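Remarks on the structure that follows.
Values below: every heavy atom of this structure, side chains too, minus hydrogens, waters and symmetry copies. For clarity, every value in this text was computed on a predicted model and none was experimentally measured.
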Amino acid sequence: MFIASGDVVPSFKGFTLIMPAVSVGNVGQLAVDLIISTLNMARVGHFHTDCLIPMAGNNPYASSSEEAVQLSTCAEVYSHSDSKLAVLQIRTPIIQTKVRSFRKLMVSWIKSSGFLRSVLLSSSQAYHRDDQQLHGSPLRYLLTPSLQKEEALRVEELGWREMERISAFPGISDSEQRLYIPGGGVTKALYTDCCTEGISMAVLLIFCSEGDNIPDAFALVNHLNDWLHLLDKPAQGSVQWRVPPSWRLLFGSGIPPLLF
């Protein structure tokens with residue numbers, strides 16, 4: 001259930017929604033962090049649900065000590081009214097027995113909120129790529145039929161590569177092709193749900209491995225920016241995304257000096 005931060009429930013009609021899949025390397029979540037931090041987006045609500053592992057912590061985007069004491073939870077919604085942009089950040093894994101319930105919750109919320117389109121940022125295990133996926137860019141996309149009608153020409157102009165379908169029985173028969181996103185978490189199932197429900201959704205994903213996935217997050221968010229123009233790209237150079245303060249602790253807080 002979505003709970004607004006204030007007394008007034010925000011209207012998302014005509015907005016674009018960006019959300020991450022909890023997937024390999026947490027690339028989607030890192031990319032969403034960059035968007036929220038750079039655009040200085042305001043938190044407008046959160047999800048109260050038993051589908052996610054509970055979590056509470058300090059404000060990961062705090063720029064002052066006063067903001068740092070604000071409480072953050074496992075699923076929060078941020079908004080940028082000028083850009084008609086909403087971002088859902090998910091900070092904890094989906095409980096395995098609640099995956100279907102979580103998908104229903106997301107589909108219901110997207111439909112009831114009146115979003116113009118939704119974007120799911122995700123990742124997939126690099127070592128599972130087949131021969132055709134080893135060439136060129138590690139970035140891929142998927143569009144639901146509803147969004148395909150509107151954006152097919154645009155993604156073709158951008159030169160994006162659609163996520164390939166692979167053989168269901170490799171080495172035996174190539175007649176049956178399937179969508180395969182190992183390490184993608186809820187990506188495939190949520191995309192399929194949105195296809196069935198007539199929701200305009202794009203999936204942007206990157207092939208990667210676990211480790212330092214900060215470069216993957218920058219690659220993914222730059223790829224998204226080529227399409228949505230969240231930030232203006234300078235004539236020379238690249239978009240300057242603002243890294244949130246919480247990233248200082250991505251790999252822990254360091255070794256306590258008192259050990260030595």
Under a 4.0 Å threshold between the charged nitrogen and the carboxylate oxygen, would Arg154 count as salt-bridged to Glu157? yes

So, does Ser37 use its side chain to make a donor-acceptor pair with the main chain of Arg242 at under 3.5 Å? yes

Does one side chain, of Gln70 or Asn58, offer a donor that lies under 3.5 Å from an acceptor on the other? no

Kindly compute the distance separating CG (Asp130) from CD (Gln132), expressed to the nearest 0.5 Å. 4.5 Å

Which residues pass the salt bridge (charged side-chain N to carboxylate O under 4.0 Å, His left out) test with Arg100, sequence neighbours left out? none

Counting N and O atoms only, with roles assigned by atom type, does the side chain of Lys188 sit under 3.5 Å from a partner on the main chain of Leu179, one being a donor and the other an acceptor? yes

Within the distance-only criterion (no hydrogens, no angle test), does the side chain of Ser83 pair as donor or acceptor with the backbone N or O of Leu85 below 3.5 angstrom? no

Test of understanding: clusters of I, L, V, M, F, W, Y form through side-chain heavy atoms closer than 4.5 Å, transitively. Do Leu158 and Leu220 belong to the same one? yes

Val22 versus Thr92, closest heavy-atom pair with distance: CG2-O, 3.7 Å

What about Phe47 and Trp109, are their ring centers closer than 6.0 Å? yes

Does His48, at its NE2 atom, have more than 12 non-hydrogen atoms belonging to other residues, nucleotides or ligands within less than 6.0 Å? no

Apply side-chain contact (heavy atoms from CB on, under 4.5 Å) to residues Ile35 and Met41 and explain how you reach the verdict. CA-CA 8 Å; Ile35 295 169; Met41 299 180 75; 4.1 Å; yes

Within the 6.0 Å centroid threshold, strictly below: Tyr78 and Tyr61: yes

Quick check on Asp212: does its CG atom have over 12 non-hydrogen neighbours (other residues, nucleotides or ligands) under 6.0 Å away? yes

Hey, could you give me the CG/CD distance between Leu116 and Glu150, rounded to the nearest 0.5 Å? 6.5 Å

Identified side chain to side chain contact (heavy atoms under 4.5 Å, CB included) partner of Val203 from the options Leu142, Thr144, Val119: Leu142

Distance from Leu121 atom CG to Met19 atom CE, nearest 0.5 Å? 9.5 Å

Gap separating the CD1 atom of Ile90 from the CD1 atom of Ile53, nearest 0.5 angstrom: 12.5 Å

Do Arg117's NZ or CZ and the ring of Trp227 fall within the cation-pi criteria of under 6.0 Å and 45°? yes

Once salt bridge (Lys or Arg N to Asp or Glu O under 4.0 Å) is applied, what residue pairs with a partner in residues 75-91 remain, sequence neighbours excluded? Arg43-Glu76, Glu76-Arg91

Nearest non-hydrogen partners of Tyr141 and Val155, listed with the distance: OH-CG2, 3.6 Å

Has the side chain of Asn222 got a donor or acceptor atom that lies under 3.5 Å from a matching backbone atom of Phe218? yes

Test item: Ser79 side-chain N/O and Val44 main-chain N/O as donor-acceptor pair under 3.5 Å: no

Indicate yes or no for a side-chain donor-acceptor contact from Ser246 to the backbone of Pro60 under 3.5 Å, with no hydrogens or angles considered. yes

Electrostatic pair Arg140:Glu162 at N-O distance under 4.0 angstrom: no

Same apolar cluster: Leu231 and Leu34, side chain cutoff 4.5 Å: yes

Report yes or no: do Ser122 and Thr187 form a side-chain donor-acceptor pair below 3.5 Å? yes

What distance do Ser118 atom OG and Leu17 atom CG have between them, rounded to the nearest 0.5 Å? 4.5 Å

Within the structure provided, determine whether Leu52 and Ile95 are in side-chain contact (heavy-atom separation under 4.5 Å). no

Say whether, by atom type as modelled, one donor and one acceptor occur between the side chain of Ser123 and the main chain of Val24 under 3.5 angstrom. yes

Short question: side chain of Ser112, backbone of Ser108 - any donor-acceptor pair under 3.5 Å? yes

Kindly say whether Gly184 contributes a backbone atom to a donor-acceptor pair with the side chain of Ser23 at under 3.5 angstrom? no

Exam field: side chain Tyr191 to backbone Leu143, donor-acceptor pair closer than 3.5 Å: yes

